[in-house]
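Residue numbers begin at 1 in each chain, while the letters A, B, ... track the order of the sequences.
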Number of protein chains: 2
Amino acid sequence: MNKTTTQDKILDAAEQLFASSGFADTSLRQITSMAQVNLAAVNYHFGSKKELIQSVLQRYLSVLMPRLDQEFSQLLSSQKQNDLTAVLSVFIKPLLELNKVQHHGTRMFLQLLGRGYTDVQGHLRWFFNHHYGRTLDKFVLLVQQACPDLPASEIFWRLHFSLGTVVFTMASNQALQEIAAADFNENVEIEGVIHRLIPYLAAGIASPLTLSSQAH
Amino acid sequence: MNKTTTQDKILDAAEQLFASSGFADTSLRQITSMAQVNLAAVNYHFGSKKELIQSVLQRYLSVLMPRLDQEFSQLLSSQKQNDLTAVLSVFIKPLLELNKVQHHGTRMFLQLLGRGYTDVQGHLRWFFNHHYGRTLDKFVLLVQQACPDLPASEIFWRLHFSLGTVVFTMASNQALQEIAAADFNENVEIEGVIHRLIPYLAAGIASPLTLSSQAH
DNA sequence: GTACATTTCAAACAAGTGTTTTAATTTAGT
DNA sequence: ACTAAATTAAAACACTTGTTTGAAATGTAC
């Protein structure tokens, strides 16, 4: 028989509700009601709502981040000059493979990421730097190699501009998909959005220094 | 004597707390406590928390949006070909003039905008289209004129990518400033961030169509 | 099958929220 | 100065939140 444990039923319901309504606006009662388990089960199995949120994210991060780290290392060790588009494209495959973790896993994870950054402002940024700082450093190094003319501080700002693009786009994903479908008769999956994002981000990050941006 | 009314005391306290903690995470008790007025004053003067939020935003929007509309119209009527950077730069002056509305008005408003889009997802987008749709249309038209090779749907996506950049950057403004100060010894005001944003956004929006972005 | 540990369940708890109520106070008009 | 309207004040209300409790149920090992 295909028995899904109480923990998994909670995780599945939680990630769906978290992705579409955000962490703060999702109550434990909504989650346990959708998962068809008792309210107290969350605190029994996960300790607290905060730890439940972390568990939901970890289910994806524990798959994604080592995968990314490996790709980054590989690209760093290859001696050829990597252009920015190639560096950014490294994300595509590992992200799409999250669909194996869970049905609609890629979209789910990216929406969760968006929610995580917009809902609980400082927390997720700290969590990332703390747990995956080494991996992030490799990525920043790759970007710096691809953009040798940009000072580190400029790259810092532009990478955070890019983070904003990704996070906001993913958090608003549902609304944007609906508008695009209504106004342009086009139905893009999350994969389509990713492929639209890469050239946009690459052009923004690699944009030449201007007088006005240097003056401040 | 310089008497500030109860309404103004509430608005001043509210916008500060909203900007730094978000709308959902700011309680009326925090606001009335900081404003040194009675809790019931909010509902008496503004009706509800929701209407208070709108009032806080309107104080800036009623100044900014007509100003932007005027600039857009002027640029549309001038027959010369406008490049994208010029179109985006139109925002600079009207935004910086918000400092006249209030001390640190520009930073405050942009942070509020960021909070508004990330906190109450769908709501602010609807509000904008409903109240300032005409003005936004003029802006989109200007962008389309500056990027005649891009299909409308592509411009739609890229403008929302850009909205994400702005909104996220402004919502995270405080954290980013702190990191930049610590890691790069650089202290940029909000004006510096704006001047850093423009070339990044212009490059992203105007980036050439690629095979991978068209395929999906 | 008895004993023990694990898990489920309904109920209550404590704390926080926005809003309403009703009375006291201040302000303004005549 | 008196009256009526506008404002302030303290308290309570109704509701939701995450969490805890203690008893019932279930599963597991010997």
side-chain N/O T6(B) vs dT8(D) OP1/OP2, d < 4.0 Å: yes
Do any pairs count as a salt bridge (Lys or Arg N to Asp or Glu O under 4.0 Å) and have a residue in residues 42-53 of chain A, sequence neighbours left out, and if so which ones? none
For atom CG of D25(B) and atom P of dT16(D), their distance in whole Å: 19 Å
Keeping to residues at least two apart or across chains, list the salt bridge (Lys or Arg N to Asp or Glu O under 4.0 Å) pairs with something in residues 94-107 of chain A. R67(A)-E97(A)
Taking atom types as modelled, is there a side-chain donor on Q102(B) or D12(B) under 3.5 Å from an acceptor on the other? yes
At what distance, to the nearest 0.5 angstrom, does NE2 of H160(A) lie from CG of L176(B)? 5.5 Å
So which of residues 35-46 of chain A are in contact with DNA chain C, with a heavy-atom cut-off of under 4.0 Å? N38(A), A40(A), Y44(A), H45(A)
Aromatic rings H131(B) and W126(B): how do their planes relate, parallel, tilted or perpendicular, breaks at 30° and 60°? perpendicular
Separation of dT19(D) C1' from I10(A) CD1 (nearest whole Å): 14 Å
Near-ring test F168(B)/F168(A), centroid separation under 6.0 angstrom: no
Using OP1 and OP2 only, check whether a side-chain N or O of S27(A) sits under 4.0 Å from dT16(D). no
Residues D25(B), R115(B): salt bridge by 4.0 Å N-O rule: no
Wobble G-U and Watson-Crick pairs count when both distances are under 3.5 Å; given that, what is the 5' to 3' dot-bracket string of DNA chain D, with | for pairing to other strands? .|||||||||||||||.|||||||||||||
Quick one, which residues of residues 49-58 of chain B touch DNA chain D with a heavy atom under 4.0 Å? none
Nucleotide interval of DNA chain C bounded by contacts with chain A (heavy-atom cut-off, under 4.0 Å): dT6(C) to dA12(C)
Using a 6.0 Å cut-off, check whether atom CD of Q177(B) has over 12 heavy atoms from anything other than its own residue. yes
Between R134(A) and D69(A), is there a salt bridge with N-O shorter than 4.0 Å? no
Which residue pairs satisfy the ring-ring contact (aromatic ring centres under 6.0 Å, His included) criterion with at least one member in residues 90-110 of chain B, sequence neighbours excluded? Y60(B)-F109(B), F72(B)-F91(B), F91(B)-F139(B)
Between T5(B) and R29(B), which residue's closest nucleotide on DNA chain D lies nearer the 5′ terminus? T5(B)
Please, which pairs that meet ring-ring contact (aromatic ring centres under 6.0 Å, His included) have at least one residue in residues 175-194 of chain B, sequence neighbours excluded? F156(A)-F184(B)
List in chain and number order the residues that pass side-chain contact (heavy atoms from CB on, under 4.5 Å) with T106(A), two or more places apart in sequence or in another chain; answer none if no residue qualifies. L95(A), L96(A), L98(A), N99(A), L110(A), I190(A), I194(A)
Indicate yes or no for a side-chain donor-acceptor contact from S207(A) to the backbone of G204(A) under 3.5 Å, with no hydrogens or angles considered. yes
What nucleic acid atoms does T32(B) come within less than 4.0 Å of, heavy atoms only: base, sugar-phosphate, or nothing? nothing
Is any side-chain N of the basic residue among R196(A) and E186(A) closer than 4.0 Å to the acidic one's carboxylate O? yes
Indicate every side-chain donor-acceptor pair of residues 34-45 of chain A with a distance under 3.5 Å to a residue at least two apart or in another chain.
residue: N38(A); atom: OD1; partner: A40(A); partner atom: N; Å: 2.9
residue: H45(A); atom: ND1; partner: Q7(A); partner atom: NE2; Å: 3.4

Per-nucleotide protein contact string for nucleotides 22-27 of chain D, where B marks a base within reach and S marks sugar-phosphate only (heavy atoms under 4.0 Å, - for neither): ------
Could you list the residues that satisfy ring-ring contact (aromatic ring centres under 6.0 Å, His included) with Y132(A), not counting sequence neighbours? none
